[in-house]
Each structure stands twice: as structure tokens, then as C-alpha cells.
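To keep things clear, I will list the structure first and then write my remarks on it.
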2 protein chains.
Amino acid sequence: MRATLKDIAEAVGVSIVTVSKVMRGHGDIGQETRKKVLDKAKELNFRPNLAARSLVTGKSSIVGLVVPDLLHPYFVEIAKSLAATLRKNGYYLMLSSSEEDPRMEEQEVEHLLALRLDALVVASCAPTVPKLFGDIQDQGTPLVLLDRSFEGFRCNFIGSDNAQMGHLATRHLFSLKRKRIAHIRGPENSIGRGRFEGYLKAFEEEGLEPNPKYVVGTSTVDVDSTVQGRDAMKRLLSLKPRPDAVFCYSDPIAIGAMDAIVDAGLRIPEDIAVVGCGNLHYDEHLRVPLTSVDQGSTRIGVRAAKMLLSILDSKAAPSGKPTIRRTIEPAEIVIRESTRR
Amino acid sequence: MRATLKDIAEAVGVSIVTVSKVMRGHGDIGQETRKKVLDKAKELNFRPNLAARSLVTGKSSIVGLVVPDLLHPYFVEIAKSLAATLRKNGYYLMLSSSEEDPRMEEQEVEHLLALRLDALVVASCAPTVPKLFGDIQDQGTPLVLLDRSFEGFRCNFIGSDNAQMGHLATRHLFSLKRKRIAHIRGPENSIGRGRFEGYLKAFEEEGLEPNPKYVVGTSTVDVDSTVQGRDAMKRLLSLKPRPDAVFCYSDPIAIGAMDAIVDAGLRIPEDIAVVGCGNLHYDEHLRVPLTSVDQGSTRIGVRAAKMLLSILDSKAAPSGKPTIRRTIEPAEIVIRESTRR
DNA sequence: GTGAAAGCGCTAACAA
DNA sequence: TTGTTAGCGCTTTCAC
């Protein structure tokens with residue numbers, strides 16, 4: 001059904017190798033033969049079988065990316081710019097999602113590994129380093145951790161400066177003369193902890209002691225972040241004195257928090273100022289346009305691609321010991337109504 | 001570096017075939033041998049090479065999906081449920097994006113074809129049927145068109161009932177006793193036209209003639225839909241008499257339109273009621289929560305998976321002439337503040 | 001229950 | 001400039 005090199009070779013009356021060379025633009029072929037082969041290939045609708053090619057060359061020109069959530073614009077934007085940059089350099093991106101489920105993440109990674117791709121980028125949702133990750137590196141497939149890193153696991157990494165993010169947000173709230181700044185925390189991983197640390201650091205710089213009651217976690221229950229934000233904010237609203245500002249781990253949480261504030265008959269930002277994280281693209285169209293910390297996802301994607309390319313390059317020409325690369329992308333705050341003076 | 005069947009075979013002292021059988025759970029192997037092989041495989045961190053397997057079996061257990069935009073929740077939700085359903089049946093989804101560029105779409109499709117996957121789903125952004133699409137079917141790779149179809153091109157298809165969507169939206173606005181209902185159109189394809197037709201049909205049922213001035217297009221310029229919606233709405237607001245309702249081709253356009261309305265000092269829905277299409281998940285958190293037509297993307301994904309599975313099945317046991325399958329998913333309207341009485 | 005032989009479609013190295 | 005040989009890692013068929 002599908003044409004192969006052999007089909008063309010037989011039709012034209014040359015050897016398979018000759019056809020293969022023509023298809024790959026290998027110089028050493030005569031004008032006439034080349035033209036005949038090319039014509040026949042077009043006629044037969046030939047398309048090289050990449051599986052076969054990768055079997056012999058040992059490389060697939062594909063890089064895999066596993067993210068926890070495809071609905072999250074942060075990861076998608078990274079995927080987009082990563083794919084675009086890779087493509088310019090002859091690589092393709094294979095994108096898959098773990099749906100925030102460590103078991104699924106492992107399956108996806110296993111599958112991508114079985115596909116023998118050239119490198120793997122994972123924004124892991126696992127609570128601790130999966131054993132698999134160690135094996136990957138042992139087997140010689142370059143691995144890059146994205147966004148979430150693991151304590152004590154030496155690995156290429158690219159992500160945001162979460163502490164800086166929390167710091168930026170909280171400092172901004174201080175600059176509005178707010179004193180009772182609350183924080184709705186994220187999950188217990190490098191990201192959630194980082195943002196919380198930034199929050200603490202801002203207090204320290206201010207010479208103030210944060211009120212532990214003002215730091216609340218989101219329930220671990222598997223529910224919409226917006227709902228979690230709403231619940232957390234309700235708890236904060238019941239405190240006396242009430243917080244006059246809140247820094248939220250994420251934008252969806254901030255949206256939920258704002259809902260709770262409005263429901264309680266309070267005003268944003270007059271009564272309570274709100275800052276989120278992520279700078280989602282609809283932030284400015286919300287009921288109250290949301291101030292948010294932008295992570296520069298597009299830049300992260302480009303950086304990841306460059307890191308990958310350099311890894312792939314150095315792999316082609318091994319220079320002894322493999323280096324570990326790390327990149328941290330700085331964040332910036334985008335100010336909107338929810339923290340306007 | 002990576003273990004192969006051969007490595008295991010040699011280490012254990014059996015033949016490659018035996019190992020292969022064990023790995024695939026083929027019954028005919030003795031307890032003892034099986035255990036030895038399995039142990040060694042684990043020890044060596046064996047992972048089957050899917051490229052090699054697919055080369056001999058002629059199937060990859062991968063289905064490709066090409067969408068125009070990964071940031072659009074509609075496509076992502078479809079991708080999610082499609083992937084989940086396929087996975088339950090032993091297939092994987094390879095997702096890629098054309099970024100609304102027909103040339104890139106073609107490249108992506110070419111690449112996926114070269115990867116020899118078992119079937120292809122494409123939400124095409126091409127203005128007319130790409131020649132390639134005909135070839136695909138000739139070559140025996142099942143093709144399913146998603147969301148956007150082409151006049152006169154016989155092909156499996158799965159999508160929304162766009163005419164019904166426009167009809168639902170417009171009828172809803174009539175039920176609010178609005179008479180001067182405007183429409184901000186989408187692109188000139190099966191979707192944009194369908195929604196417009198539904199709009200016209202609702203007028204017809206009402207025994208009213210739509211005012212052509214109330215139907216405006218979005219500029220073709222490559223710019224954020226939200227900006228397009230804003231511009232289009234500004235034009236509508238300059239008309240006399242001013243429309244008292246507007247049905248927008250998409251939610252981002254509706255968001256832009258709402259911005260324009262608020263900027264003009266008018267109220268939603270009192271002065272102008274607004275309906276969008278797509279029911280994006282942040283619709284209810286907008287400045288004015290947006291009434292929108294939901295397309296049931298999750299259901300569409302599941303349906304697409306089932307269609308694929310059935311196609312793949314029938315391909316395995318060919319029964320003569322290939323059938324063309326078509327599925328249209330009904331829509332429903334979700335009413336929020338932007339059209340509250 | 002196990003294995004030998006053949007071949008999937010392609011490329012790398014070398015010969016002619 | 002062109003072709004021969006060998007083999008990538010795996011599965012299939014069929015013989016033992």
C-alpha cells in the first residue's frame with residue numbers, strides 16, 4: 001500500500017541505496033538518476049518510514065515533553081515555544097500529559113522511552129523522585145526536569161524562581177501599605193515551598209513577623225483550584241483582625257479567593273488586595289482584573305529548547321564527563337485592578 | 001547501553017524468540033524460563049523498542065491528533081478525553097499543533113504520516129481541502145476530520161452542530177424580548193458559516209428580517225480575538241438604533257465585545273445582552289459572567305475515540321467497502337449574568 | 001515448550 | 001556515480 005525505497009528502486013531500475021541517497025539529498029548522485037527517482041517518489045507518494053530510519057540511526061529526532069496538565073496555559077505556552085524552537089533545528093516535540101497523576105506520569109515516560117526518543121523533558125507531579133528517573137539517565141537518554149525539581153537529585157533543570165515570585169508579590173503588597181498580608185499556599189513541593197519562602201523573606205526584610213494564622217493551605221482534596229481558593233479565603237475572612245491583602249499560590253486560587261471576598265460583601269482592592277501567580281491570559285478580563293506574577297513561560301520554552309539542543313550536541317561529540325545544566329528564569333509582576341491603590 | 005532482547009537471551013541462555021514471547025505474555029513458555037527471563041529483564045532495565053516492533057507488525061498503536069491551537073480549551077479538552085479513552089484500549093495519542101497555519105499543518109501531518117501511526121485526527125485550519133488529505137486515505141491511513149469539515153470531501157467527521165449553536169444562542173436572546181440582535185461573525189469556514197446560519201434561522205422562525213448592518217465580521221488581521229471582538233463591537237455601538245443584544249462567534253470575541261460595551265458606559269445585560277460560544281472554563285469568573293453555548297468537548301473526545309477504535313477494528317477485519325462515519329454532537333446553552341433578565 | 005530462519009524499511013561502510 | 005553487504009531490534013512462521 002505504502003511505497004518503500006524498494007518500490008521506487010525497482011520501478012526506476014536502480015538499487016535501494018541509490019534511492020535512499022537521493023531521498024536524503026546525498027550529493028553523490030547523477031542528475032538524471034536523481035530526477036527519475038524523485039519523479040517516481042512523487043508519483044508513488046513516497047514517505048520515508050521514520051521508524052525504520054530511527055532503528056538504524058539510533059536517533060528519532062523527537063523530544064518528549066510530559067506535563068501535569070494540558071489545560072494549564074503555563075505548560076502549553078512552554079510547549080509551544082519549545083516545539084517551535086526545536087522544529088527550527090530539525091527536532092519534533094511529542095507532548096503528553098500526566099493529568100497530575102504520578103502513576104500516569106510513569107506510564108507516559110515509559111512509553112516515550114520505549115519510543116526511543118532523543119531526550120525527555122518532564123514537569124513531574126511526583127511527590128518524590130521516581131526511581132525511573134535515575135534509570136533514564138543511566139540508559140543515556142538525556143533528561144531535563146521542568147518547573148519542579150527534587151531535593152538531592154542531580155539533573156538538568158529549568159524553571160522559575162519561585163522564591164522570587166513570592167517575594168515580588170508580597171513586597172508589592174507591602175508597598176501598598178498593607179500589613180496583614182495573608183498567603184494561600186500551594187502543594188508541598190519545590191514550587192509551593194519556594195513561593196512561601198519568598199513570602200517569608202519579604203516579611204523579614206520588612207522587619208515584621210508573619211502571623212501564622214494568615215497562612216492557610218489548600219485542601220488536598222482533588223477538586224477545582226478555584227473552589228479551593230474560595231474555601232481557603234473563607235477561612236481567612238473569619239479571622240479577626242481580617243487580612244487586608246492576600247498572596248495566592250496560583251491564579252485559579254486567586255479567582256476563587258476573589259469570589260469569596262466579593263460574596264462576603266467586601267471590596268477588592270480597598271478592603272483586601274489580591275495577587276496571584278501565573279499571569280493567565282484572561283486575568284485582565286476577570287471581574288476584578290487580577291495582579292499576577294508572570295513566569296515568562298515563552299522564554300522558558302525557548303531556553304529549554306536551547307538546553308536540549310546543547311545536550312544533544314554534546315552527546316554527539318562526547319567530551320568526557322556529562323555536565324548538569326540549570327536555568328532559572330526570573331519573574332515579573334503585572335499590576336492590575338486587584339491591587340490598585 | 002540499552003538492553004535488547006538479545007542481551008537478555010544471551011544472559012539467560014535462551015533464544016531471542018523465547019525472550020520475545022515472555023515479554024509479550026505469550027503463553028507457551030515454561031514457568032522457570034519465564035521467571036529467569038523476567039528477572040533478567042528487570043535487572044537489565046529492559047524496555048522494548050517500539051520502533052522496531054512497529055516496523056515488523058506494521059502498526060504503532062499511536063493515533064495522531066493535529067489541532068490548530070493548543071491554548072484553546074476546546075481542543076485540549078477533546079485531546080484529553082480522546083487520549084484517556086484511547087489509552088484504555090491500548091492506544092496512545094500523539095498531539096501536535098498547527099498554530100492556525102495551513103503550511104505547518106501540512107508539515108505536521110507529513111511528519112505523523114512518516115511516523116506510521118495507525119490513524120490521524122485533524123482539526124484542519126486549511127481554507128480548502130489540502131491535496132494531502134486525499135493521499136492519506138488512498139494510502140490506507142484512516143483519517144478523521146475534527147470540528148472543521150470540507151464541502152464535497154468525503155471523510156470521517158466528528159464535530160459540533162454549529163447551526164444549532166447559533167440557533168440556540170439567538171433564540172435565547174429573542175426569549176429575553178430583544179429585537180435588535182447583532183452577530184459578530186467568525187472566519188469563513190464551516191464553523192463560522194454554520195453559526196451564522198443558525199442566527200438567521202432563529203430570525204426566520206421569529207418571522208423577522210435580520211438587519212444586515214447588525215452582522216459584522218472580525219478583521220482578518222492576525223491579532224488576538226479579544227481585540228477583534230472589541231473592535232467589532234465598537235462598530236456595532238456606533239449604529240443607530242444601537243443593538244440590544246449580540247451573539248458572538250466565540251468567547252474571546254465576546255470578552256472583547258463586553259469590554260467595548262463597558263467602556264462605552266453601557267450595562268450588560270440591561271443595555272446589551274451578550275452570548276458567546278465555547279463555554280470556556282473561566283466564563284463564570286469574568287467581569288460579567290458570560291452566557292455561552294457549550295459544545296460538549298469532552299463528549300466529542302470520547303466519541304472520536306470510539307469512532308477511531310471502530311475504524312481500527314474494521315481495518316483489522318476488512319469487510320469490503322470502507323464506510324464513512326459522521327457524528328455531530330449537540331450543544332447546550334449555559335446561562336449566566338450577561339443575559340440575565 | 002523452544003528455537004532457527006526470514007524479513008519489516010532503512011542506513012553505514014565499503015567496494016567497484 | 002552506483003551497488004553490495006550487513007545489520008538495527010523486533011516478530012512471525014514453522015519445525016523440532
Side-chain angles (χ1 to χ4, degrees), chain A residues 1-38 40-41 44-62 111 113-118 139-141 316, chain B residues 1-38 40-41 44-62 111 113-118 139-141 316:
Chain A
M1 202 105 208
R2 282 152 175 154
T4 68
L5 290 187
K6 195 174 163 209
D7 297 330
I8 300 178
E10 282 170 2
V12 175
V14 293
S15 80
I16 296 180
V17 184
T18 305
V19 181
S20 170
K21 281 177 180 161
V22 173
M23 296 325 289
R24 281 174 296 143
H26 199 288
D28 281 357
I29 300 290
Q31 273 305 317
E32 211 172 321
T33 327
R34 143 170 275 106
K35 184 170 163 15
K36 276 197 290 188
V37 167
L38 250 18
K40 187 53 81 178
L44 261 36
N45 233 309
F46 174 79
R47 234 175 294 277
N49 184 329
L50 261 29
R53 178 180 292 173
S54 108
L55 187 56
V56 29
T57 59
K59 59 168 283 181
S60 61
S61 294
I62 298 181
H111 183 235
L113 247 29
L115 251 23
R116 294 294 187 273
L117 14 76
D118 296 345
Q139 291 198 11
T141 304
Chain B
M1 201 107 209
R2 281 152 178 154
T4 67
L5 290 186
K6 195 174 163 206
D7 298 331
I8 300 177
E10 282 170 0
V12 175
V14 293
S15 79
I16 295 180
V17 187
T18 305
V19 181
S20 171
K21 282 179 180 159
V22 172
M23 294 327 287
R24 282 174 296 142
H26 198 289
D28 279 1
I29 300 291
Q31 274 307 318
E32 212 172 321
T33 326
R34 142 168 278 109
K35 183 169 166 16
K36 275 197 290 189
V37 167
L38 251 19
K40 187 54 79 177
L44 260 35
N45 234 309
F46 173 79
R47 235 174 295 277
N49 183 330
L50 261 27
R53 177 180 292 175
S54 108
L55 187 57
V56 27
T57 60
K59 58 168 284 179
S60 61
S61 296
I62 297 181
H111 184 234
L113 247 30
L115 250 23
R116 294 293 188 274
L117 15 76
D118 297 344
Q139 290 197 11
T141 305

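Sequence lines set the chain letters: A, B, ... in the order given, protein chains first and strands last, and positions in each chain run from 1. Atoms considered below: every heavy atom in the structure, side chains included; atoms not considered: hydrogens, waters and symmetry mates.
Residue whose closest nucleotide on DNA chain D sits further toward the 5' end, between B/Lys21 and B/Val56: B/Val56. Residue order along DNA chain C, read from the 5' end via each residue's closest nucleotide, puts B/Gln31 first among B/Gln31 and B/Thr57. When the nearest nucleotides of DNA chain C are assigned to B/Ile16 and B/Leu55 by heavy-atom distance, the more 5′-ward of the two goes with B/Ile16.
For the pair A/Ser15 and D/dG3, the criterion of a side-chain N or O lying under 4.0 Å from OP1 or OP2 is met. Contact between the side-chain N/O atoms of A/Ser20 and the OP1/OP2 oxygens of C/dT11 is found at a separation under 4.0 Å. In this model, the phosphate group of D/dG3 is approached by a side-chain N or O of A/Thr18 to a distance below 4.0 Å at OP1 or OP2. The side chain of B/Arg24 places an N or O atom within less than 4.0 Å of a non-bridging phosphate oxygen (OP1 or OP2) of D/dT11.
The distance between atom CG of A/Asn49 and atom C1' of D/dG9, rounded to the nearest whole Å, is 14 Å. Summarising the geometry, the separation between NZ on B/Lys6 and C1' on D/dA6 is reported as 12 Å, rounded to the nearest angstrom. If you take CZ of B/Arg53 and C1' of D/dT12, they are 13 Å apart, rounded to a whole angstrom. Taking atom CG of B/Asp7 as the reference point, atom C1' of D/dC10 lies 13 Å away to the nearest angstrom. Taking atom NZ of A/Lys59 as the reference point, atom C1' of C/dC10 lies 16 Å away to the nearest angstrom. Straight-line distance from the CD1 atom of A/Ile29 to the C1' atom of D/dG3: 10 Å, rounded to whole Å. Atom P of nucleotide D/dT11 and atom CD1 of B/Ile8 are separated by 11 Å, given to the nearest angstrom. Per the geometry, CZ belonging to A/Arg2 stands 12 Å off P belonging to C/dC10, to the nearest Å.
A/Thr18 and A/Ser15 form a side-chain donor-acceptor contact under 3.5 Å, judged by distance and modelled atom types alone. Residues B/Arg116 and B/Thr141 bring no donor and acceptor atom of their side chains to less than 3.5 Å of each other.
Between A/Lys35 atom NZ and A/Thr33 atom OG1 the span is 12.0 Å, to the nearest 0.5 Å. Considering CD1 of B/Ile16 and OG1 of B/Thr4, their distance stands at 7.0 Å, rounded to 0.5 Å. Between the CZ atom of A/Phe46 and the CE atom of A/Met23 there is a distance of 5.0 Å, given to the nearest 0.5 Å.
Counting any heavy atom pair closer than 4.0 Å across all strands shown, A/Ser54 reaches no nucleic acid atom.
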